[in-house]
There are 2 protein chains.
Amino acid sequence: MSKHAKEMEILKEHLGKHQLKFTRQRELILDAFLKQEHITAEEMYHQLARKDPHLGLATIYRTLNLFCEAGLAQARHFGTQTQYDNVSHKGHHDHLICTGCGKIVEFENCDIERLQEEVASRNGFTIQTHRLELYGLCSRCRH
Amino acid sequence: MSKHAKEMEILKEHLGKHQLKFTRQRELILDAFLKQEHITAEEMYHQLARKDPHLGLATIYRTLNLFCEAGLAQARHFGTQTQYDNVSHKGHHDHLICTGCGKIVEFENCDIERLQEEVASRNGFTIQTHRLELYGLCSRCRH
DNA sequence: TTGAAATTGATAACCCGTCTCAAAAAGAAT
DNA sequence: ATTCTTTTTGAGACGGGTTATCAATTTCAA
């Protein structure tokens with residue numbers, strides 16, 4: 001039995017609800033995906049290149065998008081590529097980024113997160129994750 | 001004299017520092033850019049199609065990227081396109097993004113912005129701009 | 001005015017991601 | 001197990017957005 005039983009169950013439930021089929025490829029890709037915090041389709045393609053049923057790039061894209069619909073993954077456009085984030089992975093933090101020297105300070109703020117939930121539910125959304133980046137000048141660069 | 005004198009000055013300073021030249025095209029593009037809150041290269045291309053020195057799409061891309069380096073713009077990858085945000089524009093808005101169907105809802109929340117300021121000043125930062133994206137499922141995709 | 005260096009515009013090239021379609025696999029009903 | 005319908009797969013074609021190429025033009029310092 002896989003160590004990703006819970007997520008596998010979520011996937012199977014989603015498949016059942018949408019007349020989709022459980023395949024060896026989807027199982028393989030989910031296993032590989034859940035080992036990462038985030039990954040691109042291209043990276044996963046190389047990672048799984050030598051697995052038993054050979055996985056086509058199209059299948060990887062399709063499957064990662066399927067995971068997004070099932071709520072297991074989250075697509076994030078980063079530079080030119082799309083990052084697929086593992087939603088089950090917690091420990092999220094936000095960033096203060098100095099535009100002068102590039103310094104990055106991590107922070108967490110519960111009040112902000114609570115307000116985010118409010119905004120989301122007011123719009124009918126259920127938040128899976130978020131990205132908050134504050135850009136500015138640190139005390140040193142301001143002078 | 002242009003009404004965007006301050007930004008024009010920032011641009012000229014950046015150009016000077018990097019041995020770049022001030023051209024009619026850069027001036028035109030900056031003027032058009034500053035009138036918007038955010039814009040894509042393609043949109044700007046159509047907007048400026050009939051201006052006096054005809055502007056090539058490549059020039060628009062190059063110039064908007066230049067503005068990013070000068071700190072006047074901020075690139076944001078949105079779906080397949082890149083949005084160039086006007087950093088000087090206040091009343092910044094944030095985004096709720098559905099990971100299922102890609103729907104995007106814009107919102108503004110002063111309380112969140114105030115808390116951001118607090119976090120920043122506690123860390124000695126002066127915020128220039130920020131990016132807040134909430135990812136989740138909209139009401140339709142949740143079912 | 002001159003000349004070196006940067007810029008421009010047209011378009012080719014590029015990259016990422018999606019679409020197409022015939023062959024294979026899944027899964028329900030025999 | 002066998003059949004049959006439906007979905008999935010993989011290879012490659014395709015498409016949209018962005019960047020690279022390069023000859024002609026413009027900038028600007030000397």
Side-chain angles (χ1 to χ4, degrees), chain A residues 8 11-30 32-33 38-70 73-85, chain B residues 8 11-30 32 38-70 73-84 99-102:
Chain A
M8 206 61 81
L11 175 61
K12 283 184 178 166
E13 199 175 316
H14 180 86
L15 295 175
K17 270 186 193 155
H18 296 78
Q19 293 149 265
L20 303 175
K21 293 173 177 176
F22 185 73
T23 64
R24 180 94 189 97
Q25 283 87 342
R26 286 176 174 163
E27 187 180 8
L28 269 175
I29 294 173
L30 182 57
F33 174 68
H38 50 76
I39 195 166
T40 65
E42 207 76 40
E43 282 167 5
M44 180 165 284
Y45 180 66
H46 289 114
Q47 226 174 76
L48 301 183
R50 309 196 173 284
K51 286 278 178 176
D52 181 15
H54 170 68
L55 293 159
L57 192 50
T59 300
I60 294 183
Y61 275 107
R62 279 187 295 236
T63 305
L64 289 173
N65 288 334
L66 172 68
F67 293 171
C68 289
E69 280 152 31
Q74 175 214 328
R76 186 188 312 208
H77 301 281
F78 209 59
T80 122
Q81 295 202 126
T82 300
Q83 286 279 344
Y84 290 87
D85 291 7
Chain B
M8 207 60 82
L11 175 61
K12 282 184 179 167
E13 198 176 316
H14 179 86
L15 295 175
K17 272 187 192 155
H18 296 78
Q19 294 150 262
L20 303 175
K21 292 172 178 176
F22 185 74
T23 64
R24 179 95 189 99
Q25 282 89 339
R26 287 176 174 162
E27 187 179 8
L28 270 175
I29 294 173
L30 182 57
H38 50 74
I39 196 167
T40 65
E42 207 75 40
E43 283 166 5
M44 180 166 285
Y45 180 65
H46 289 113
Q47 226 174 77
L48 300 184
R50 309 197 173 284
K51 285 279 178 175
D52 180 17
H54 170 68
L55 291 159
L57 191 51
T59 300
I60 293 184
Y61 275 107
R62 280 186 295 236
T63 305
L64 288 172
N65 288 334
L66 171 70
F67 292 171
C68 288
E69 280 152 31
Q74 187 191 336
R76 183 187 310 210
H77 303 279
F78 234 42
T80 121
Q81 294 203 128
T82 301
Q83 287 278 344
Y84 290 88
T99 58
C101 63

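What you see is a predicted model; the values in this text were computed from it and never measured. Order of the sequence lines fixes the chain letters, A, B, ..., with proteins taken first and strands second; residue numbering starts at 1 for each chain.
Counting non-hydrogen atoms under 4.0 angstrom, B:E42 reaches nothing in the nucleic acid. A:T82 comes within 4.0 angstrom of sugar-phosphate atoms only, judged by non-hydrogen atoms across all strands, and of no base.
Under the ring pair (Phe, Tyr, Trp, His ring centres under 6.0 Å) criterion, B:H14 pairs with B:H18, not counting sequence neighbours. Every side chain to side chain contact (heavy atoms under 4.5 Å, CB included) that B:K51 has, sequence neighbours left out, goes to B:L28, B:L48. Partners of A:E13 under the side-chain hydrogen bond (donor to acceptor under 3.5 Å, both in side chains) rule, at least two apart in sequence or in another chain, do not exist in this structure. Listed by chain and number, the residues in a side-chain hydrogen bond (donor to acceptor under 3.5 Å, both in side chains) with B:E69 amount to none (sequence neighbours excluded). Applying the side chain to side chain contact (heavy atoms under 4.5 Å, CB included) rule to A:T40 yields the partners A:E42, A:E43, A:Q81, A:Q83; only residues at least two apart in sequence or on another chain are considered. Take A:H77 and apply the ring pair (Phe, Tyr, Trp, His ring centres under 6.0 Å) test, not counting sequence neighbours, and it matches no residue. Considering only residues two or more places apart in sequence or on other chains, B:T23 meets the side chain to side chain contact (heavy atoms under 4.5 Å, CB included) condition with B:Q25, B:R26.
Residues B:C68 and B:A75 approach most closely at SG-N, 3.7 Å, considering heavy atoms.
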For a quick check, with a 4.0 angstrom heavy-atom cut-off, what is the B/S/- contact string for nucleotides 22-30 of chain C, read 5' to 3'?
----BS---
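Side-chain N/O atoms of B:R26 include one lying less than 4.0 angstrom from OP1 or OP2 on C:dT8.
With rounding to whole Å, B:Q81 atom CD is found 16 Å from C:dT18 atom C1'. As a whole-Å value, the separation of B:Q19 CD from D:dT26 P is 23 Å. We find that CD of B:E27 is positioned 16 Å from P of D:dT26, with the value rounded to whole Å. Across the protein-nucleic acid pair, A:L66 atom CG and C:dG17 atom C1' stand 16 Å apart, rounded to whole Å. The interatomic distance linking B:H18 (NE2) with D:dT27 (C1') rounds to 19 Å, in whole Å. The CD-P distance, from A:E43 to C:dC16, rounds to 11 Å in whole Å.
Within residues 46-65 of chain B, the residues that place at least one heavy atom under 4.0 Å from DNA chain C are, in residue-number order, B:H54, B:L55, B:G56, B:A58, B:T59, B:R62.
Recorded end-axis angle for the helix from C:dT1-D:dA30 to C:dT30-D:dA1 stands at 30°, based on five pairs per end and rounded to 10 degrees.
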Name the atoms and distances for all side-chain donor-acceptor pairs under 3.5 Å in residues 54-67 of chain A, with sequence neighbours left out.
residue, atom, partner, partner atom, Å
A:T59, OG1, A:R62, NH2, 3.3
A:T63, OG1, A:T59, O, 2.6
A:N65, OD1, A:Y84, OH, 3.0
A:N65, ND2, A:Y61, O, 3.3

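The shortest distance between side-chain heavy atoms of B:T82 and B:R76 does not fall below 4.5 Å.
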